[in-house]
A.B. asks: 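Dropping the structure in here first, questions after.
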Amino acid sequence: MRIATWNVNSIRTRHARVVDWLVREDVDVLAMQEIKCKPEQFPHEAFEAAGYEVVAHGLNQWNGVAIAARHPITEVETHFPDQPGFLKGHEGPDLPIEARALGATVGGVRLWSLYVPNGRTLADPHYVYKLDWLAALTEYTRAETTGRPEVPFALMGDFNIAPFDVDNGDPAVRVGVSTHVSPEEREAFFTLENAGVADVVRARVPEGLYTYWDYQQLKFPRNEGMRIDFILGSAAFAERVTDASIHRNERKGTAPSDHVPVLVDLADAEGDDEDFDRPMFL
DNA sequence: ATGCCTCCCGTAGGGAGA
């Protein structure tokens, strides 16, 4: 099973390009972020014509997450437990929960499409929201990975954090000045990993290969990008990963997203190997 | 540098992205 994540930056603008990539790369499951539309606005037809079922969660023109799959999508959740809300200019415990998380089970794997809050600036309430959001995700991850460790579990998406210096190639993004690289954000990321998930891509792709390049200032031609999109898998997930790739070419050409897809290959579950479903003597 | 680029809503110009 081939599973990917991609911040598409508007699925209505990008659906042809996304579906082309899914078909070309023979992808079974795609977690999308920043679809920037409501479910009824999602271009379902383009995905269905290519054989994909889609579950989308979007409340307005901001954020929005979705999962497309060539297998049935079940046990859908539109937020994780205690996921914090946010409303600009407001504080308190009862703010609206944004469309930044979508959980689903596909092919026996528990997946989340996640769009971690940006943070905006180090002094912005959005930055506090980002850290709170990651803390709640950490507790949920701990509960899942310890509660049912046998179920392959993966957090996939745009984490808006460059965990290591090598993940930031943009000289305008600097520790002490910018979000995405602060010690607090990096600590939150590592604490999340310590709750029971590991980056299953890093050891399989070259360091310095980014997943995002700003549209401005020729950031892509200059290769001044950041690696901020990740697939974090539980032990049961990680042990089935056989390959991983970052599809840099999807930043090229006409009307690209500012992010590119990240893909992993998952071996079939033991006793569920597709090869063994075939007749042995033909 | 309140800049640059792109997308949203709505039809001008502001919010958001990172």
Side-chain angles (χ1 to χ4, degrees), chain A residues 5-18 32-43 56-66 85-90 95-101 113-131 133-134 157-186 188-189 208-230 246 248 250-260 262:
Chain A
T5 184
W6 195 354
N7 179 324
V8 297
N9 186 17
S10 171
I11 194 58
R12 286 178 289 178
T13 298
R14 214 82 62 208
H15 61 82
R17 189 168 180 144
V18 171
M32 287 167 269
Q33 301 85 39
E34 283 208 87
I35 63 171
K36 292 188 171 177
C37 67
K38 301 173 185 177
E40 61 267 30
Q41 299 172 307
F42 193 99
H57 175 45
L59 300 171
N60 49 44
Q61 71 269 45
W62 307 121
N63 315 309
V65 281
F86 185 82
L87 187 61
K88 189 175 179 180
H90 295 261
L95 303 177
I97 298 175
E98 298 182 305
R100 293 181 177 274
S113 178
L114 300 174
Y115 180 43
V116 176
N118 170 293
R120 298 182 184 165
T121 71
L122 296 175
D124 198 289
H126 209 259
Y127 180 75
V128 178
Y129 171 48
K130 180 179 194 173
L131 296 174
W133 204 94
L134 288 162
D158 177 358
F159 286 78
N160 272 320
I161 297 172
F164 300 99
D165 287 345
V166 71
D167 299 327
N168 176 31
D170 186 343
V173 176
R174 300 194 303 279
V175 178
V177 178
S178 313
T179 60
H180 294 63
V181 293
S182 74
E184 280 177 304
E185 289 166 286
R186 287 172 166 177
F189 185 86
L209 176 54
Y210 308 125
T211 64
Y212 161 86
W213 297 260
D214 198 302
Y215 287 122
Q216 303 184 57
Q217 292 291 91
L218 299 171
K219 293 292 187 189
F220 182 62
R222 295 172 185 270
N223 195 29
E224 295 177 346
M226 286 195 281
R227 194 190 293 192
I228 56 178
D229 300 87
F230 300 101
I246 294 173
R248 187 180 188 279
E250 287 307 305
R251 187 63 177 77
K252 300 177 181 176
T254 307
S257 170
D258 42 3
H259 296 250
V260 296
V262 180

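Bear in mind that the values here come from a model prediction, so they are computed numbers and not experimental data. These values consider heavy atoms only, across backbone and side chains, with no hydrogens, waters or symmetry-generated copies. Chain letters run A, B, ... following the sequence lines, proteins first, then strands; residues in each count from 1.
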A.B. asks: At the 4.0 Å heavy-atom cut-off to chain A, mark where contacts on DNA chain B begin and end, going 5' to 3'.
C.D. replies: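 For DNA chain B, the relevant span reads B/dC4 to B/dA18.
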A.B. asks: When all nucleic acid strands are considered with a 4.0 Å heavy-atom cut-off, which category describes A/Thr13: base, sugar-phosphate, or nothing?
C.D. replies: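 Contact class for A/Thr13: sugar-phosphate only.
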A.B. asks: At 4.0 Å (heavy atoms only), tell me whether A/Asn118 reaches a base, stays on the sugar-phosphate, or touches nothing.
C.D. replies: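 It contacts base atoms.
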A.B. asks: Want to settle it: does A/His180 or A/Gln216 sit nearer the 5' end of DNA chain B, counting the closest nucleotide to each?
C.D. replies: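 Result of the comparison: A/Gln216.
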A.B. asks: Could you check whether A/Asn168 gets within reach of a base, just the sugar-phosphate, or nothing at all, counting any heavy atom under 4.0 Å?
C.D. replies: nothing
A.B. asks: Indicate yes or no: at least one non-hydrogen side-chain atom of A/Phe230 is less than 4.5 angstrom from one of A/Val116.
C.D. replies: no
A.B. asks: Over all strands shown, is A/Arg251 touching base, sugar-phosphate only, or nothing at heavy-atom distances under 4.0 angstrom?
C.D. replies: nothing
A.B. asks: Please state the C1' separation for the pair B/dG17 and B/dC4 - nearest whole angstrom.
C.D. replies: 14 Å
A.B. asks: Is a side-chain donor-acceptor pair under 3.5 Å present for A/Lys130 with A/Asn118?
C.D. replies: no
A.B. asks: Expressed in whole Å, how much space separates the P atoms belonging to B/dG10 and B/dT6?
C.D. replies: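 Rounded to whole Å, the distance is 23 Å.
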A.B. asks: Begin with the C-alpha distance, continue with both residues' side-chain angles, and end with the deciding distance and a verdict on salt bridge (charged side-chain N to carboxylate O under 4.0 Å, His left out) for A/Arg100 and A/Asp158.
C.D. replies: CA-CA 10 Å; A/Arg100 293 181 177 274; A/Asp158 177 358; over 6 Å; no
A.B. asks: Taking only residues two or more places apart in sequence, or in another chain, which ones meet A/Ala99 in a side chain to side chain contact (heavy atoms under 4.5 Å, CB included)?
C.D. replies: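 Partners of A/Ala99 by the side chain to side chain contact (heavy atoms under 4.5 Å, CB included) criterion, ordered by chain and then number, come out as A/His57, A/Leu59.
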A.B. asks: Looking across every strand, which nucleic acid part, if any, lies under 4.0 Å from A/Lys219 by heavy atom: base, sugar-phosphate, or nothing?
C.D. replies: nothing
A.B. asks: Among A/Trp6, A/Tyr212, A/Phe159, find the residue that satisfies the ring-ring contact (aromatic ring centres under 6.0 Å, His included) test when tested with A/His259.
C.D. replies: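 Option passing the ring-ring contact (aromatic ring centres under 6.0 Å, His included) with A/His259: A/Tyr212.
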A.B. asks: How would you label the contact of A/Tyr115 with the nucleic acid (heavy atoms, under 4.0 Å): base, sugar-phosphate, or nothing?
C.D. replies: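 The answer is sugar-phosphate, as A/Tyr115 gets under 4.0 Å only of primed atoms, P, OP1 or OP2.
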A.B. asks: How is A/Gln61 classified with respect to the nucleic acid when contacts are heavy atoms under 4.0 Å: base, sugar-phosphate, or nothing?
C.D. replies: sugar-phosphate
A.B. asks: What's the gap between B/dA18 and B/dC8 when it is taken at their P atoms, as a whole Å value?
C.D. replies: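 About 14 Å, rounded to a whole number of Å.
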A.B. asks: Which value, rounded to the nearest 0.5 Å, describes the distance between A/Gln41 atom CD and A/Ile11 atom CD1?
C.D. replies: 13.0 Å
A.B. asks: Does a donor on one side chain sit under 3.5 Å from an acceptor on the other, for A/Glu250 and A/Ser257?
C.D. replies: no
A.B. asks: A/His259 or A/Ile35: which one's nearest nucleotide on DNA chain B is closer to the 5' end?
C.D. replies: A/Ile35
A.B. asks: How far, in whole Å, is B/dA1 from B/dA12 if one measures between their P atoms?
C.D. replies: 34 Å
